[in-house]
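I have placed the structure first, in the form of structure tokens, so that the comments after it can refer back to it.
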Amino acid sequence: MIKVIWDLHWKSIWKQHINPEDTFVFLWDYVDTFPPVTDEQIINNLKDIILFKKAHPDRVFLLLGNHDI
């Protein structure tokens, strides 16, 4: 199954949908500075996404959005 995840805006809800058999396409806006999020939460979630990509390079695709540039 292909799962498309977009507009996370720092939220880690994507972790609830992990299935080792699936392919993941993350579409833009991984970060955001709107309250009540802290810089630490933003960075930790982004690091987790990058680690997930590194662990599954053939099944995880990351595309940047306007909030990420």
Side-chain angles (χ1 to χ4, degrees):
M1 175 181 282
I2 297 174
K3 292 184 178 175
V4 179
I5 303 169
W6 67 91
D7 284 335
L8 284 173
H9 294 281
W10 68 266
K11 298 177 190 93
S12 60
I13 193 165
W14 64 273
K15 295 176 184 180
Q16 298 172 13
H17 302 280
I18 302 296
N19 180 330
E21 306 298 318
D22 293 341
T23 296
F24 293 84
V25 180
F26 286 82
L27 299 175
W28 53 75
D29 296 347
Y30 306 97
V31 300
D32 210 329
T33 56
F34 294 124
V37 66
T38 66
D39 289 346
E40 185 176 10
Q41 288 172 297
I42 294 169
I43 291 168
N44 287 338
N45 190 52
L46 185 56
K47 283 181 181 178
D48 288 345
I49 293 169
I50 292 168
L51 289 173
F52 184 55
K53 165 67 174 170
K54 286 183 177 182
H56 309 284
D58 297 334
R59 293 187 307 107
V60 178
F61 301 90
L62 306 177
L63 301 173
L64 292 177
N66 64 318
H67 286 240
D68 308 315
I69 297 173

Residues 46-53, side-chain donor-acceptor partners within the protein, below 3.5 Å, at least two apart:
residue: Asp48; atom: OD2; partner: Lys15; partner atom: NZ; Å: 2.5
residue: Lys53; atom: NZ; partner: Pro57; partner atom: O; Å: 3.2
residue: Lys53; atom: NZ; partner: Val60; partner atom: O; Å: 2.5

Same cluster (ILVMFWY, side-chain, under 4.5 Å), Ile2 and Leu27: yes
Main-chain N/O of Phe24 paired with Arg59 side-chain donor or acceptor, under 3.5 Å: no
From His17 atom NE2 to Asn19 atom CG, the distance as rounded to the nearest 0.5 Å: 12.0 Å
CZ on Phe61 to OG1 on Thr23, rounded to 0.5 Å: 6.5 Å
Partners passing side chain to side chain donor-acceptor pair (under 3.5 Å) against Asn44 (at least two apart in sequence or in another chain): none
ILVMFWY cluster, Leu64 and Ile42 together (side-chain gap under 4.5 Å): yes
